[in-house]
Amino acid sequence: MEEPINFGRSLIVPSVQELAKQPITNIPPRYHHVQHDHQQRLAPDTSTASVPVIDLHCLFAQASDSSAYSFELNKLHTASKEWGFFQVINHGISESLLEDFRREILNLFNLPKDEKQKLWQEEHNHEGFGQLFVVSEEQKLDWSDMFYITTLPHNLRKSQLFKKLPLILRDKLEAYSLEMKRLAHEILNQMAKALGMDTEEMSELFQDGVQSVRMNYYPPCPQPELALGFSPHSDADALTILYQLNETAGLQIRKDGKWVTVKPRADALVVNIGDILEIVSNGVYKSVEHQAIVNSNNKRMSVATFYSSNMGIELGPARSLVAKHNVANFRRVPLEAYFKEFFARKLDGKLYLDFMRHKS
Ligand SMILES: O=C(O)CCC(=O)C(=O)O
Ligand SMILES: [Fe+2]
C-alpha cells in the first residue's frame with residue numbers, strides 16, 4: 001500500500017477557540033499583525049466593485065453555440081484573469097448536503113476539549129486541528145483554528161485521522177469531497193475552453209487530482225484591528241472552492257491595491273484560482289492574494305476545498321498553451337517537490353509563485 005501523504009509539519013500552537021472563551025480584553029502579542037511591514041493593511045475598499053457571479057447553469061446546461069453560453073464563458077474567463085476569484089450560483093450541489101455538512105463541521109468545532117485533542121496535529125504532520133505554516137516560535141499567529149485533511153485520492157488519505165472523526169461527519173465529508181471534485185472538473189473543463197487549451201490535456205492533468213479540505217473557525221476577537229483571521233496568501237492548489245458557513249463576512253481579496261470584501265451569499269460558493277492553475281494557464285489566470293479579517297462580535301466559519309493536479313505529473317505551463325503563446329512563463333517541477341517546498345515555507349503573499357517564474 002502507498003503511504004498516506006505527508007507534505008510537512010507545522011509547529012503546534014494553542015487553540016484560539018479556547019483562548020477566545022476567556023474574558024480577555026487584550027490579545028497576546030503573538031497575534032498582533034500590525035508590524036508586518038510589507039503586508040500593511042491596505043485602505044479598505046470604498047468602491048462598489050464586487051466579485052463577479054457566474055451562473056453555472058448557463059455553462060453546464062446551455063448549448064455551447066448559444067449566446068447565453070458564450071456570454072457566461074467570457075465572464076468566467078475575465079473573472080479568472082482579472083479577479084482570480086468569482087462566486088458560482090446554480091452549482092448543483094444539493095442544499096441538504098451543504099446543510100448537513102455545515103452542521104457536522106459546527107459539531108466538530110464544538111466537541112469537548114479532550115475529544116478535540118485526539119484530532120490535534122502531531123509533531124511530524126500538519127493534518128488535523130491546529131494552524132498551518134507555523135515555522136518559528138517568533139512568527140505571528142492567526143486568530144483562527146482549522147482542521148486540515150487530505151481527502152482524495154483515497155490512497156493518499158491519512159486513514160487513522162479520518163477514522164477518528166465522528167461517523168456522520170465522515171459520511172458527509174466523503175460525499176462533499178466527491179461533489180467538489182466533480183464541480184472542480186466541470187469548471188476546469190470550461191476554463192480549458194475559455195483559454196483555448198486542449199481539454200484532453202486539462203482532464204489528464206487533473207485526473208485523480210489531490211484534494212484536501214480545510215475547515216476554518218474564526219472566533220470573535222476582542223482587538224480585531226490588531227489581528228488577522230488568516231494572513232495574506234495565495235492558494236498553492238489549482239482551484240479552491242470555498243463554502244462560507246455563516247453570514248459573517250471576513251474574506252477579502254486583493255484587487256488593484258485594495259482589499260475587497262466578499263459578501264457571503266447563501267446561494268453561492270466562492271471559487272478562486274490557485275498557483276498551480278496560474279502556472280498551468282501559463283500566467284493567463286491569476287492566483288490572487290486574499291486574507292480573512294475578524295470582528296469583535298461574531299464568529300465566522302468556512303470550509304475550503306483545494307483541488308490540485310495528479311500527484312504524478314510534472315507541474316508547468318500546459319503544452320497546448322505554450323505552443324499557442326510561443327513562450328513558457330514558468331519552470332517545470334515534479335508536483336510532489338512543489339508541495340514539499342510550499343509547506344516548508346511561511347505563507348508570504350505570492351512569493352512562492354515568483355520562485356516558480358522563469359527569470360529572463
Ligand atoms: O475563510 C476564508 O474565507 C478564507 C479561507 C482561505 O483562504 C483558505 O482556507 O485558504
Ligand atoms: Fe486561501
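Residue numbers run from 1 in the order of the sequence given. Whatever order the structure lists them in is the order used to number ligands and atoms, beginning at 1. The basis for the numbers below is simple: all heavy atoms, side chains too, and nothing from hydrogens, waters or symmetry mates.
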*Is the charged tip of Lys286 near the ring of Trp83: under 6.0 Å from the six-membered ring centre and within 45° of its axis?*
no

*Which heavy-atom pair separates Glu127 from Ile149 by the least distance, and what is that distance?*
OE1-CA, 3.3 Å

*asked:* Around the Fe ion (ligand 2), how many protein N, O or S atoms are found at less than 2.8 Å?
replied: 3

*asked:* Is it the case that the side chains of His77 and Glu72 hold a donor-acceptor pair, with the cut-off being a distance below 3.5 Å and no angle test?
replied: no

_Would the distance check show the side chain of Asn282 and the main-chain N or O of Val327 forming a donor-acceptor pair, the cut-off being under 3.5 Å?_
yes

*With sequence neighbours excluded, tell me which residues meet side-chain hydrogen bond (donor to acceptor under 3.5 Å, both in side chains) with Glu99.*
Arg102

*Centroid-to-centroid, His57 to Phe60, below 6.0 Å?*
no

*Mark yes or no: Lys172 above the aromatic ring of Phe101, with NZ or CZ under 6.0 Å from the six-membered ring centre and no more than 45 degrees from the axis.*
no

Tabulate distances under 3.5 Å between N/O atoms of ligand 1 and N/O atoms of the protein, writing both atom names on each line.
from	atom 1	to	atom 2	distance (Å)
ligand 1	1 (O)	Tyr218	OH	2.6
ligand 1	1 (O)	Arg300	NH1	3.2
ligand 1	1 (O)	Ser302	OG	2.7
ligand 1	3 (O)	Arg300	NH1	3.3
ligand 1	3 (O)	Arg300	NH2	2.8
ligand 1	7 (O)	His233	NE2	3.2
ligand 1	7 (O)	His290	NE2	3.1
ligand 1	9 (O)	Asn216	ND2	3.3
ligand 1	10 (O)	His233	NE2	3.2
ligand 1	10 (O)	Asp235	OD1	3.3

*asked:* Taking Arg182 first and then Glu186, would you say they form a salt bridge - that is, a charged N and a carboxylate O separated by under 4.0 Å?
replied: yes

*Determine which pairs satisfy salt bridge (Lys or Arg N to Asp or Glu O under 4.0 Å) with at least one residue from residues 305-317, sequence neighbours left out, and list them in order.*
Glu314-Arg332

